[in-house]
Novice: 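Here it is: the structure, laid out below.
We name chains A, B, ... by the order of the sequence lines, and we start the count at 1 in each one.
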Amino acid sequence: MIMSTELDTNTTMSNGAAMSETDLVDCRDTVNKWMERYGVRFGVYKNGVFNEQLFPFDAIPRQIPADEWEMLERGLVQRVKALNMFLYDIYHDKKIVQDGVVPKEFTYESKGYMPECEGITPSKDVYAHIAGIDLVQAKDGRWLILEDNLRIPSGASYPMIARTVTRKASPQTFRDNLIHDNRNYGEMLREMMDYINDGRGINVILTPGRYNSAFFEHSFLAEKTGATLAFPGDLIVDNGIVYYTGIYKEKVRVGAIYRRVSDEYLDPLAFEPTSLLGVPNLMEAYRAGTVGVINALGNGVADDKGIYYFVPKMVKYYLNEEPILQNAPTYLPFFEEDFNYIINNIDKLVIKDVAEAGGYGVMFGRDMTPERLEEVKNLIIKDPRRWIAQEVVDFIDLDIIDETGKPSPRKCDLRAFVITGKETKVWRSGLTRFSRNPNSFVVNSSQGGGFKDTWVMDKN
Amino acid sequence: MDLLKYNYQYITESSFVPPVEHHFFKMRALPMENACQHILTAEMTVSPQCQLNHSKDGFGNSVQCGSFSEPHNHFRIESRGVVECSAYCIPDASPKDFYLYPTRLTEWNKDIAQLASSGNAHDIMHAIYGLLTYERFATDNSTTAIDTFSIRKGVCQDYAHLMIAACRSAGLKARYVNGLMLGEGETHAWVEVHDGEKWLGYDPTHDCQIDYGYIKFAHGRDVADCPSNRGRFYGWTMETMAVTCKLIKQEN
């Protein structure tokens, strides 16, 4: 049952792939240099100062065997379908709440729930067009879901560009191995955007601008999808219709907006009034259904750390199927039984603040002093809805080549990208992130660390 | 039941030096149509003249949006008409659950929950009226119910937020209302509390349950959900803005 990591690696590295791996490692510096030239950077705000750092690339790819991927794909499609149905339900009839499957507190008290979206039906009923689902593989081989990202998941551009560059650096590797090409992500996005747009106008990608942590990605994806890159101020709403007024002489109607601006900044007349990133009266156009907004507004109600607990229940409720992919074992202090378990076992658990993201607000019981443990217990007692607790999942290490040039194990997760337009499809690649330090479990890019390409292996 | 007629007027007027352009606005300044309030005539004019778009928001409020792109140094919106009212009472068999939960402006603490110990909207209103002193400029748009409780003063918006927080702490569904009150002056804010069958109006600033003399524009969980006027324009400018309102009962 339990396979060691080494065994895993050896199995997938058969048939001469190991040779190619050496190739890739040898060209690591070249690849990182190219990536720097491309401007593959990750911006982080720390103490109010904007810093751009390179997002270090490690040349050893994560490889996922075909049969394993096939199971992942089915599980991810199932999960994202259920999440889309949940979002529709929450902003319409709320059957899942009435039937007692999800408690009221986990919808209406969620920071991501937007009553302004009540009764809005987004174009083609899709809410989570681009879902970034974070998974880890436990040491026993099982894949577990860590988090759903249904608002503005980022990171797809990194493996796309890494693949393009490594193909140049070591073409032989890609001749010798049966790897699914991942350079079709732009096409997948475009197909989805066209479906949502439905011929009403042009597609745009709305970026908050140059100083956003993912600006590189916004411009890269605009190029790959053929969409127009729009800055705040390029879009105006006139008589309930959205127009692009940037580089063209005439204003051009917009049919779909892949926005990389978060909900609260998207329309200063509907939400945060001081926002300079938004489009005044966009909400009116959206409500009237004259434009598709990708992803829909209000998706935060389905991806916070509290509602995560209920996603497997959503799969059963909406699809009447058994969930193919499981969550990491999670406890909600909101429920009395879970509360007691957490208080008695807090030193073994990881405690997460449901309101935080990006690796912030994550506390490991085993690293805390007895005083700190008491403090955290009191926080949980004071506001049980604000916290979740999880068993520490011992997930697999993958080797990276460290600064000294030697292989060194790191914790890795995988962000899979699931696109929903006419159908729900999984991109056959993903972002594998690794922790900065050998003993750290936190892999978020804002906390340091780097990434690997993800190879999904083809059959035969 | 008595039916009374009211003439209402709401004017917002801005001057800009130097001029601004690309001016977008979103209004909630038309009386609502509901069980105790019926519009007989209503008109809304914008100057400089531009297209007005009518829609609804997520709370069921009427919204009027528009924009004017040419440079201008004067902007005026006037809403006026006649409304017929019966005693304030809005039947609602399925009030939304989100009126039960705190928002940033209506979070409560133990002290606020204490105000609601009777669980009765009328008593809560009375307690808040006794606790607060009406004072302008002591608070602003970001003042929360908890702030108001601790400084013990504020304006109608603060009275309303505190009453909403206290009602919700006692499990009563409560919502914020924006509108006009008999007389001349500015817009007014009050509270509606659901009694299991219907929404009833309470004005904590005046310590009274509402029957007549209030015209409702919009409601929401707090003021942020239903402001009567929001605008956005481009340009470095000095803006002078004035809002004037009038509500007069028609004599038969």
Novice: Relative to chain B, which of A:E109, A:E116, A:R287 shows the most heavy atom pairs under 4.5 Å?
Specialist: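 Winner by heavy-atom pair count: A:R287.
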
Novice: Inspect the contact between B:K173 and B:D97 and indicate whether a charged nitrogen and a carboxylate oxygen are less than 4.0 angstrom apart.
Specialist: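 Salt bridge: yes.
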
Novice: Just checking heavy atoms, which of residues 97-105 of chain A are less than 4.5 Å from chain B?
Specialist: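 Within residues 97-105 of chain A, the residues that come under 4.5 Å of chain B (heavy atoms only) are A:K104, A:E105.
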
Novice: Under a 3.5 Å cutoff, is there a donor and acceptor pairing between the side chains of B:N229 and B:T12?
Specialist: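 On atom types as modelled, these side chains qualify, holding a pair under 3.5 Å.
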
Novice: Does any heavy atom of chain B fall under 4.5 Å from the side chain of A:E284, the backbone, both, or neither of them?
Specialist: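 Side chain of A:E284 only, per the 4.5 Å heavy-atom cut-off to chain B.
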
Novice: Looking at A:R200 and A:D198, does any basic side-chain N land under 4.0 Å from a carboxylate oxygen?
Specialist: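 Looking at A:R200 and A:D198, the cut-off is not met.
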
Novice: Is it the backbone or the side chain of A:N281 that comes under 4.5 Å from a heavy atom of chain B, or both, or neither?
Specialist: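 The side chain, not the backbone.
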
Novice: For B:R221, which atoms come within 4.5 Å of any heavy atom of chain A: side chain, backbone, both, or neither?
Specialist: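 Contact with chain A: side chain only.
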
Novice: CZ of A:F334: more than 12 outside heavy atoms within 6.0 angstrom?
Specialist: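 Atom CZ in A:F334 is crowded, with more than 12 foreign heavy atoms closer than 6.0 Å.
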
Novice: Is any NZ, NE, NH1 or NH2 atom of the basic residue among B:R175 and B:D225 found under 4.0 Å from an Asp or Glu carboxylate oxygen of the other?
Specialist: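 No, no charged N to carboxylate O under 4.0 Å.
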
Novice: Evaluate the side-chain proximity of B:R230 to A:P273: yes if any heavy-atom separation is below 4.5 Å, no if none is.
Specialist: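 Touching, per the 4.5 Å side-chain cut-off.
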
Novice: Report yes or no: do B:S47 and B:H74 form a side-chain donor-acceptor pair below 3.5 Å?
Specialist: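 Not at all, the side chains of B:S47 and B:H74 share no donor-acceptor pair under 3.5 Å.
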
Novice: Under a 4.5 Å heavy-atom cut-off, does chain A meet the side chain of B:K96, its backbone, both or neither?
Specialist: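 Just its side chain gets close to chain A.
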
Novice: Heavy-atom distance under 4.5 Å to chain B: side chain of A:S275, backbone, both or neither?
Specialist: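 Only the backbone of A:S275 comes within 4.5 Å of chain B.
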
Novice: Working to the nearest 0.5 angstrom, can you tell me the gap between A:E272 CD and A:L266 CG?
Specialist: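 Atom-to-atom, A:E272:CD and A:L266:CG are 13.0 Å apart.
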
Novice: Inspect the surroundings of NZ in A:K313 and state if more than 12 heavy atoms from other residues, nucleotides or ligands are less than 6.0 Å away.
Specialist: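 No, the 6.0 Å shell around NZ holds no more than 12 heavy atoms from other groups.
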
Novice: Check each atom of B:P102 against the heavy atoms of chain A and say whether the ones under 4.5 Å are side chain, backbone, both or neither.
Specialist: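 The side chain, not the backbone.
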
Novice: Using a strict threshold of under 4.0 Å (side-chain N to carboxylate O), is an ion pair present between A:E118 and A:K94?
Specialist: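 A salt bridge is present here (some side-chain N lies under 4.0 Å from a carboxylate O).
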
Novice: If you count heavy-atom pairs within less than 4.5 Å of chain B, which of A:N239, A:D238, A:I236, A:V237 leads?
Specialist: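 Among the listed options, the one with the most contacts to chain B is A:N239.
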
Novice: Charged N to carboxylate O below 4.0 Å: is that the case for A:E375 and A:K377?
Specialist: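 No, no charged N to carboxylate O under 4.0 Å.
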
Novice: Heavy-atom distances under 4.5 Å only: say whether A:Y91 touches chain B with side chain, backbone, both or neither.
Specialist: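 Contact with chain B: none, neither part.
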
Novice: At a 4.5 Å cut-off on heavy atoms, which part of A:A288 comes close to chain B: side chain, backbone, both, or neither?
Specialist: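 When you check distances to chain B, no heavy atom of A:A288 falls under 4.5 Å.
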
